Amino acid sequence: MKKGLLMLGFLLLFTAVFFSHSFASVQKPDSAATEEELVFTEVGSAQDSAANNMVKDTVKKVAAVDKTIEKQQPLAASGTSEKEKTLWETFIAGLLGGFIAFLMPCIFPMVPLTVSYFTKRAGSRQKGIGQAFIYGLSIIVIYVALGLLITAVFGSAKLNELSASGWFNFFFFLLLVIFAISFFGAFEITLPSSFVNRIDQKADDSKGLGGIFFMAASLALVSFSCTGPIIGTLLVQASAKGEYLAPAIGMFGFALALALPFTLSAIFPGFLSAMPKSGGWLNSVKVCLGFLELALALKFLSAADLVWHWEWFDREIFLALWIIIFILMGVYILGKIKFSHDSDVPFVSVPRLFFAILSLSFAVYLVPGLWGAPVNILSGIAPPMNTQDFILNGNGASASASPSGFPATVKYSETLKPPVGFHSFFDLDEGLAYAKQVNKPVLIDFTGHACVNCRKMEDKVWIDKEVGRLIKEEYVLIQLYVDERNIKMPKEKVHYSEVLRTTTDDLGRWNGDFQATKYVSNSQPFYVLAGHDLNPLVKPQGAIFDAKEYAAYLQTGLDKFKNAGKPNE
């Protein structure tokens with residue numbers, strides 16, 4: 001019973017990590033570059049594209065930032081708050097990942113052996129505790145160094161750009177599939193044996209602090225076949241958040257959770273005796289993680305499909321695969337499917353039964369999504385609703401009637417699609433011209449194909465009745481994709497962006513340069529409620545997952561626009 005309960009508890013925690021999106025982020029920018037890596041130029045300076053004899057495009061028209069609004073609505077404070085949220089969530093994700101890694105067959109059986117070794121080597125319990133502390137600290141140093149190496153090599157801005165790349169997402173899809181197959185027992189991902197043996201020999205030959213450090217390094221290398229997939233998943237997810245320290249913070253949480261059991265076992269001998277014995281249940285944990293890795297891999301395949309506009313990996317296909325995966329996991333937990341390294345399950349324990357019920361119930365919960373149900377728990381993970389081929393309730397064909405005077409087709413509509421039930425422009429000039437025609441403020445939505453929080457906002461907040469009414473009836477929605485690489489800009493709009501340090505030769509880079517230059521931001525989603533001069537009516541906001549709060553935000557901008565008496569010119 002004790003074994004089963006422990007397995008159940010940690011598997012539930014790991015499942016929660018996926019669904020809450022520490023692997024699918026909660027109330028934070030989906031992507032953001034740090035201030036250190038963004039070089040903002042002063043509007044009107046020699047570096048500004050408008051002053052470099054560039055064409056008279058929209059950037060030139062709106063280059064002057066409203067200084068009064070900037071003073072009233074500083075962005076730095078909110079940016080700091082969002083950064084803190086991001087780092088805390090990354091730390092918690094790492095912590096949970098470390099606890100799960102501890103339950104892997106490569107690590108869990110090593111605890112009593114390692115603690116016994118410290119006790120015998122030290123000669124006394126007090127010295128053994130001291131060496132266990134150093135051992136735990138060495139584990140933390142090794143993994144944090146790995147996280148710092150990732151950001152030092154790539155930098156958060158480059159990793160942020162990679163996370164929105166179709167190639168990156170497709171590569172990571174393949175990588176997670178390989179990790180899943182490894183967890184299923186087809187093969188083990190190991191480091192070169194010569195390298196592992198050399199580190200192990202160092203641990204045997206060295207004395208004092210050096211020997212303990214190399215022992216920790218040996219643990220990291222020997223257990224790589226189990227921890228590698230978890231570390232890889234955590235590092236990529238942390239890097240995609242755009243915060244410079246996110247990979248290191250994630251690795252700190254991971255290493256802390258991994259080191260704690262070794263240290264606690266040395267300090268409190270009762271902790272070691274209370275731990276469940278090794279057995280076949282460890283492999284069951286590993287296989288269940290394989291199912292979860294396989295499900296998560298489909299998120300990255302979906303992102304690649306959206307970025308490259310394949311338009312074949314629709315929402316229905318994604319949900320069908322998730323339903324099958326969680327049905328198979330439930331059946332596996334009941335012992336009806338057996339892999340090569342699995343032990344026989346002579347009977348189904350109560351914890352196994354309840355976890356099987358959880359997995360199978362989740363699969364059933366997803367079924368209505370095949371016909372257009374929202375499936376809110378997967379908001380931001382599943383493909384957007386506009387990829388759904390068939391929606392049973394029609395999602396309001398009448399509700400999607402075009403507003404008065406709205407063009408039959410808008411620019412780039414052959415490639416970009418609005419959220420179901422909404423009508424939006426994808427070109428700033430076209431949307432602004434229509435807003436002036438109908439005398440409405442604009443809602444500029446800086447978004448991206450691979451932006452998780454953008455989809456969560458559309459799936460969970462924009463479907464709210466009041467929010468939907470305000471956007472459809474009171475605003476002109478302009479969606480500017482910052483990761484759209486397939487649509488090339490005309491020559492007269494191409495210029496060198498000092499902010500992004502690249503040429504705005506495609507729609508995504510042009511939109512990204514406009515966002516960073518005009519609104520001093522490089523995160524998505526980013527919502528700007530603006531008048532016809534494109535100056536913010538109220539402070540621009542990122543994701544707001546409370547529908548009432550978001551509706552109040554929209555209403556505030558609308559009130560300010562109306563109180564102005566006439567649109568700004």
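On a predicted model such as this, the values are computed, not experimentally measured, just so you know.
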Next item on the list: Tell me, please, which residues at least two apart from S497 pass side chain to side chain donor-acceptor pair (under 3.5 Å).
Entry: D513
Checklist line | Qualifying residues under side chain to side chain contact (heavy atoms under 4.5 Å, CB included), relative to F406, sequence neighbours excluded | finding: S402, P403, V410, H423, F425, Y434
Checklist line | Test of ring centre spacing under 6.0 Å for F514 and Y519 | finding: yes
Note to self: Quick check against the 3.5 Å criterion: does D483 have a side-chain atom that pairs as donor or acceptor with the backbone of A450?
What the structure shows: yes
Next item on the list: Mark yes or no for whether D445, through its side chain, and Y527, through its backbone, hold a donor-acceptor pair below 3.5 Å.
Entry: no
Next item on the list: With sequence neighbours left out, write down each residue that passes side chain to side chain contact (heavy atoms under 4.5 Å, CB included) with I325, or none if nothing qualifies.
Entry: F291, L294, A295, L298
Check: Looking at V177 and A297, what are the two nearest heavy atoms and their distance?
Finding: CG2-CB, 4.0 Å
Margin query: Distance check, rounded to the nearest 0.5 Å: M489 atom CE versus I487 atom CD1?
Written below: 9.0 Å
Notebook entry, point to check: Can you tell me if D464 uses its side chain to pair, donor with acceptor, with the backbone of V467 under 3.5 Å?
Noted result: yes
Next item on the list: Determine whether the side chains of R315 and S302 contain a donor N or O and an acceptor N or O closer than 3.5 Å.
Entry: no
Checklist line | Test ring-ring contact (aromatic ring centres under 6.0 Å, His included) applied to W167 - qualifying residues, sequence neighbours left out | finding: W308
Checklist line | Test salt bridge (charged side-chain N to carboxylate O under 4.0 Å, His left out) applied to E484 - qualifying residues, sequence neighbours left out | finding: none
Checklist line | Considering all heavy atoms, the nearest I544-M457 contact | finding: O-SD, 3.2 Å
Next item on the list: Of all the heavy-atom pairs spanning R485 and R509, show the shortest one and how long it is.
Entry: NH1-N, 3.5 Å
Check: In Å and rounded to the nearest 0.5 Å, what is the CD1 to CG distance from I324 to L366?
Finding: 11.0 Å
Item checked: Interatomic distance, L507 atom CG to N486 atom CG [nearest 0.5 angstrom] -> 10.5 Å
Check: Do Q524 and Q515 meet the criterion of a side-chain donor-acceptor pair at a distance under 3.5 Å?
Finding: yes
Next item on the list: For S359, check side chain to side chain contact (heavy atoms under 4.5 Å, CB included) against everything at least two apart and list the hits.
Entry: F326, M329
Next item on the list: Of all the heavy-atom pairs spanning V494 and D505, show the shortest one and how long it is.
Entry: CG2-CA, 4.1 Å
Notebook entry, point to check: Which residues pass the side chain to side chain donor-acceptor pair (under 3.5 Å) test with D314, sequence neighbours left out?
Noted result: none
Item checked: Minimum heavy-atom distance L480-I444, with the two atoms named -> CD1-CG2, 3.7 Å
Next item on the list: Compute the centroid of each ring, for Y481 and then for F446, and state whether the two points are separated by less than 6.0 Å.
Entry: no
Next item on the list: Only counting residues at least two apart or in another chain, list the ones meeting salt bridge (charged side-chain N to carboxylate O under 4.0 Å, His left out) with D559.
Entry: none
Margin query: Looking only at side-chain N and O atoms, does S424 offer a donor or acceptor that is under 3.5 Å from a partner on Q479?
Written below: yes
Checklist line | With sequence neighbours excluded, residues passing salt bridge (charged side-chain N to carboxylate O under 4.0 Å, His left out) with D459 | finding: none
Item checked: Pair K299-N169, side-chain donor/acceptor within less than 3.5 Å -> no
Item checked: Partner set under side chain to side chain contact (heavy atoms under 4.5 Å, CB included) for D427, not counting sequence neighbours -> K411, Y412, D429, E430, K493
Check: Are E474 and R469 within salt-bridge range, i.e. N to O under 4.0 Å?
Finding: yes
Checklist line | Check: E458 side chain, I463 main-chain N or O, donor-acceptor pair, under 3.5 Å | finding: no
Checklist line | Partners meeting salt bridge (charged side-chain N to carboxylate O under 4.0 Å, His left out) with E414 (sequence neighbours left out) | finding: none
Notebook entry, point to check: With sequence neighbours excluded, what pairs up with F313 under the ring-ring contact (aromatic ring centres under 6.0 Å, His included) test?
Noted result: none
Next item on the list: Measure the acute angle between the ring planes of F168 and F172, then classify it against the limits of 30° and 60° as parallel, tilted or perpendicular.
Entry: parallel
Notebook entry, point to check: Are K440 and Y475 in a cation-pi setup, meaning NZ or CZ lies under 6.0 angstrom from the ring centre and within 45 degrees of the ring axis?
Noted result: no
